[in-house]
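The structure appears below as structure tokens.
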2 protein chains.
Amino acid sequence: MNTRDRLIESTRTLLWERGYVGTSPKSIQQLAGVGQGSMYHHFSGKEELARAAIDRTAEEIGAAADAQLSVPGGAVERIAAYLRRERDVLKGCPIGRLTQDPDVMAAPVLREPVEETFTWLRTRLASVVTEGVDAGELSPAIDPAATASAIVATLQGGYVLARAADDARPFEQAIEGILALLGAYSAR
Amino acid sequence: MNTRDRLIESTRTLLWERGYVGTSPKSIQQLAGVGQGSMYHHFSGKEELARAAIDRTAEEIGAAADAQLSVPGGAVERIAAYLRRERDVLKGCPIGRLTQDPDVMAAPVLREPVEETFTWLRTRLASVVTEGVDAGELSPAIDPAATASAIVATLQGGYVLARAADDARPFEQAIEGILALLGAYSAR
DNA sequence: GTCTATATTTCGATAGAC
DNA sequence: GTCTATCGAAATATAGAC
């Protein structure tokens with residue numbers, strides 16, 4: 001991997017572990033095994049580097065979610081596959097955690113990819129719910145947008161519960177809890 | 001308010017807005033209108049002050065939740081009252097945000113009240129769900145612990161969605177989404 | 001109890017040699 | 001492109017006067 005990529009990867013790791021406020025240029029350089037001058041040659045500073053790191057993570061997250069939600073099968077089945085896929089639960093969501101970072105939310109350039117990721121994810125899930133209604137799998141009484149928001153929120157909040165408990169089980173409970181509720185809302 | 005209380009209140013405000021890593025002793029002193037020496041006279045340092053602030057917030061959150069969940073009425077009704085109560089949605093949850101703070105999670109003395117708050121909340125909500133089952137309001141097929149985790153997670157994740165969108169509506173959608181699903185799980 | 005002065009380390013970036 | 005040297009400011013405390 002070249003120097004530029006190593007800097008981006010180090011930044012991704014540190015943003016995930018410590019957030020933007022908690023990540024210093026020095027720590028990025030040390031993790032990447034790169035000197036100061038090298039970092040400032042490739043990037044104007046911490047912000048530009050963070051943007052590159054967030055973009056890369058957002059793209060990965062989006063591609064993975066899209067893949068899970070696009071496999072053949074029913075709507076609930078695909079949502080379950082997405083929610084149940086293997087995750088680093090105790091580390092939390094690398095994009096979701098950025099919403100708690102005041103400097104990220106204050107900088108439009110950093111905030112933009114975070115906003116886009118969640119807007120896209122809610123829209124994508126709402127489509128899957130609508131497909132379930134159209135296929136006669138889910139009740140027409142369901143509100144796709146509200147249900148999609150509830151699903152994404154359960155995922156994000158599940159990370160919060162797991163980190164608070166230092167235990168992945170509350171996350172798994174939350175996922176199984178919402179899936180059970182969703183199953184009960186099947187068309188009957 | 002005395003100096004000690006002003007320091008705790010300032011710390012509460014700043015922990016909510018900027019987290020632990022993003023809050024400096026200097027900013028606390030300035031917001032409280034207090035000098036350095038004064039702060040270090042009342043508290044050994046940032047950590048001890050943060051613990052006092054977190055304790056106070058955790059107590060308030062717990063008392064408010066307990067009050068909402070204890071009013072007369074059905075289980076779903078009380079859960080709805082709790083979820084729909086007025087909130088500073090875009091500011092997020094003052095306790096939940098701390099789970100994203102690496103230095104909070106690394107310090108047992110700061111982590112403890114966060115863990116206790118969520119453990120208590122999940123347990124309390126599971127009790128309400130169980131009461132709903134016993135009263136014949138909710139289906140006996142429901143898993144109280146999983147449902148409770150899903151409810152708390154939706155709330156916490158709703159804050160994430162709202163902050164990502166810089167708009168309270170995704171939060172409100174998530175709340176209405178889970179309540180609709182819960183309503184569909186009524187005993188029939 | 002509260003204040004100011006000081007100390008040490010880190011932050012985030014720039015300068016300039018190679 | 002990468003390195004080391006340096007910079008001004010901020011973080012987090014401690015010291016000691018009042």
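Sequence lines set the chain letters: A, B, ... in the order given, protein chains first and strands last, and positions in each chain run from 1. These numbers were taken from a predicted model, which means no experiment stands behind them. What's counted below: heavy atoms across the whole structure, side chains too, no hydrogens, waters or symmetry copies.
Taking a heavy-atom distance under 4.0 Å as the criterion, the stretch of DNA chain C touched by chain B extends 5' to 3' from C:dG1 to C:dT4.
Shown here are the side chain to side chain donor-acceptor pair (under 3.5 Å) partners of A:Gln173, two or more places apart in sequence or in another chain: B:Ser149. In this view, A:Tyr20 satisfies the side chain to side chain donor-acceptor pair (under 3.5 Å) rule with no residue, not counting sequence neighbours.
Rounded to a whole Å, the NE2 atom of B:His41 is 22 Å from the P atom of D:dT12. Atom NE2 in B:His42 sits about 17 Å away from atom P in D:dA13, given to the nearest Å. We find that CE of A:Met39 is positioned 17 Å from C1' of D:dA5, with the value rounded to whole Å. Atom OH of A:Tyr40 is separated from atom P of D:dC7 by 17 Å (rounded to the nearest Å).
In terms of modelled atom types and a separation under 3.5 Å, the side chain of A:Thr99 and the main chain of A:Gly96 share a donor-acceptor contact.
Using a 4.0 Å heavy-atom distance criterion, B:Gly35 is classed as a sugar-phosphate-only contact. Among the atoms of the strands shown, none is found under 4.0 Å from any heavy atom of B:Ser27.
In the model, B:Arg124 has a side-chain atom that pairs as donor or acceptor with a side-chain atom of B:Ser70 under 3.5 Å.
Toward the 5′ end of DNA chain C lies the nearest nucleotide of B:Gly37, the other residue of the pair A:Glu47 and B:Gly37 mapping further downstream.
A salt bridge links A:Arg12 with A:Glu9: the distance from a Lys NZ or Arg NE/NH1/NH2 to an Asp or Glu carboxylate oxygen falls below 4.0 Å. Using a cutoff of 4.0 Å between basic side-chain nitrogens and carboxylate oxygens, A:Glu176 and A:Arg84 are scored as salt-bridged.
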